[in-house]
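Working notes, structure below.
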Amino acid sequence: CRELPKNIFSGCSALSSVILNEGLETISDATFANCKALESISIPGSVVQVGRNTYDSNLPFYNCTSLRSVRFEDGVQKLVLGAYYNGGSIGKGLFSCSSLEEVYIGRNISYQNDDTYNTFDKYPQFYGYSAFYNQPKLAKVTISSTVTEIPACLFRSCSVLNKVSILGQLSKIPAYSFDGCKLTGLTLSNSIEDIEDYAFQNNIDLTTAVLGNNVKTIGKYAFSGCSNLASLKLGNSLVTIGDYAFQSIGSTVNSGLSFTVPNTLSSIGKFAFYKSGISSINIPNNVTTIGESCFAENTKLEKITIGSGC
């Protein structure tokens, strides 16, 4: 069977377990709608489409209120996900009716664009931000070694997410990927070159962050609001720190925060470290641009060395 047709298991309220075989390619709209006893689903690596852009009641897992675990098994082809597309307002993602606790992502995923103008990249809110947006019980995520890219907003507002294992060779962490999560420690691989806007914003429990040796760009607000960050390693390739990127980091750490700025850095955006808890900083000679109010309201700042490039 290559396709599970629309509504095929809809309303099977006692269905608690499903085994999908390799070779399946499409899971259609409302396939498992109102399967309120379904607790887990493993989607084979051969599947290339899960749902279309439709009404919320036609989402493949609509009203699957017991669904706790989702696995997108390893595969070669990209997996395209549908959503409740709501142009001009907030849509709903694939699992918006479920209360997930654990997710495994085994390959690259993307979203089906409604048209050439209102694309997911331009208006993620019309697509519900993400298949996993605002999952209040999602605590564990594994991104497989076969994954090379993830979409923006993937785990945005998953407020208890504290266990994330990124095994894939990602080149960037897209915007809002882990905004508002509960990460306590972060170690990025050396494959990461860009951390985009708001990527780790408001992870207030984050205490350590190791960004990898090939990160070149940190976008605006990327770590803003990470007030308990006590240890930060920027790697040795960083070129640009965006506006508000580290606003208020370490502000609740009693001992203050100090870290090494690599000599490759050339630009620090405005308000980049505003109201942060840094105690000392050495700005290298290659830095030619420092934005306004960059270090303003740093009440713990005792020592700063500014290089000759400014």
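Side chains are part of it too, since the values below use all heavy atoms of this structure and drop only hydrogens, waters and symmetry mates. Being a predicted model, the structure only gives us computed values, none of them experimental.
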task: Would you please classify the geometry between the Tyr55 ring and the Tyr84 ring as parallel, tilted or perpendicular, with 30° and 60° separating the classes?
output: tilted
message: One pair to check against side-chain hydrogen bond (donor to acceptor under 3.5 Å, both in side chains): Asn228 and Thr252. What are the steps and the verdict?
response: CA-CA 6 Å; Asn228 283 300; Thr252 61; 2.7 Å; yes
Ile43 and Ile41, any side-chain heavy atoms less than 4.5 Å apart: yes
message: Any heavy-atom pair between the side chains of Leu234 and Ile218 that's under 4.5 Å?
response: yes
- line: With sequence neighbours left out, the residues meeting side-chain contact (heavy atoms from CB on, under 4.5 Å) with Ser99 are Arg68, Lys137
query: How about Ser110 and Asn108: do any of their side-chain heavy atoms sit closer than 4.5 Å?
result: no
- prompt: Which residues pass the side-chain hydrogen bond (donor to acceptor under 3.5 Å, both in side chains) test with Glu297, sequence neighbours left out?
  reply: none
- request: Quick one: closest heavy-atom pair of Ser98 and Phe61, and the distance?
  value: OG-O, 4.2 Å
Counterpart residues, side-chain hydrogen bond (donor to acceptor under 3.5 Å, both in side chains), relative to Glu73 (two or more places apart): Ser42, Arg71
query: Is any side-chain heavy atom of Val47 less than 4.5 Å from a side-chain heavy atom of Arg107?
result: yes
message: Can you confirm whether more than 12 heavy atoms, excluding those of Lys303, are under 6.0 Å from its NZ atom?
response: no
- prompt: Using the ring of each side chain (for Trp, its six-membered ring), is Phe126 parallel, tilted or perpendicular to Tyr123, with breaks at 30° and 60°?
  reply: parallel
message: Whether the side chain of Thr142 engages the backbone of Tyr104 through a donor-acceptor N/O pair (distance < 3.5 Å, no angle test) should be reported.
response: no
- request: For the pair Leu81 and Tyr127, evaluate side chain to side chain contact (heavy atoms under 4.5 Å, CB included) and give the outcome as yes or no after the intermediate values.
  value: CA-CA 10 Å; Leu81 305 180; Tyr127 299 81; over 6 Å; no
message: Under 3.5 Å, is there a donor on one side chain and an acceptor on the other for Gln112 and Gln49?
response: yes
- prompt: Taking only residues two or more places apart in sequence, or in another chain, which ones meet Asn34 in a side-chain hydrogen bond (donor to acceptor under 3.5 Å, both in side chains)?
  reply: Asn63
message: Please determine whether a side-chain nitrogen of the Lys or Arg among Asp29 and Lys6 lies less than 4.0 Å from a carboxylate oxygen of the Asp or Glu.
response: no
task: Mind checking side-chain contact (heavy atoms from CB on, under 4.5 Å) for Thr31 and listing every partner two or more places apart, or none if nothing turns up?
output: Leu4, Ile8, Phe9, Ile27, Ser28
message: Hydrophobic clusters here meaning ILVMFWY residues chained together by side-chain heavy-atom distances under 4.5 Å, can you tell me if Leu211 and Tyr244 are in one?
response: no
message: Applying a strict under-4.5 Å side-chain criterion to I, L, V, M, F, W and Y, I'd like to know whether Ile268 and Phe271 cluster together.
response: no
field: Hydrophobic cluster membership, Ile143 vs Leu138, 4.5 Å side-chain cutoff
entry: yes
- request: May I ask you to check whether Gln247 and Ser224 show a side-chain donor-acceptor distance below 3.5 Å?
  value: yes
- prompt: Do the side chains of Ile195 and Leu188 get nearer than 4.5 Å, heavy atoms only?
  reply: yes
- line: Given the options Phe178, Phe200, Phe259, Tyr198, Phe223 meets ring pair (Phe, Tyr, Trp, His ring centres under 6.0 Å) only with Phe200
Pairwise salt bridge (charged side-chain N to carboxylate O under 4.0 Å, His left out) hits with a residue in residues 44-56, at least two apart: Asp56-Lys92
task: Quick one: list whatever passes ring-ring contact (aromatic ring centres under 6.0 Å, His included) with Phe295, sequence neighbours left out.
output: Phe273
side-chain hydrogen bond (donor to acceptor under 3.5 Å, both in side chains) partners for Ser189, two or more places apart: Ser191
- prompt: Among all residues two or more places apart in sequence or in another chain, which pass the side-chain contact (heavy atoms from CB on, under 4.5 Å) test with Asn213?
  reply: Asn190, Asn236
field: Of all pairs that satisfy salt bridge (charged side-chain N to carboxylate O under 4.0 Å, His left out), the ones with a partner from residues 213-240, not counting sequence neighbours
entry: none
message: Listing request: all side chain to side chain donor-acceptor pair (under 3.5 Å) pairs with a residue in residues 259-273, at least two apart in sequence or in separate chains.
response: none
query: Please walk me through it: do Asn202 and Tyr221 pass side-chain hydrogen bond (donor to acceptor under 3.5 Å, both in side chains)?
result: CA-CA 9 Å; Asn202 290 330; Tyr221 293 96; over 6 Å; no
message: Is it the case that over 12 heavy atoms from other parts of the model lie below 6.0 angstrom from the CD atom of Glu3?
response: yes
message: With heavy-atom distances below 4.5 Å as the criterion, would you say the side chains of Leu154 and Ile109 are in contact?
response: yes
Within residues 148-174 or reaching into it, pairs that qualify as salt bridge (charged side-chain N to carboxylate O under 4.0 Å, His left out) - sequence neighbours excluded: Lys78-Glu149, Arg156-Asp179, Lys172-Glu196
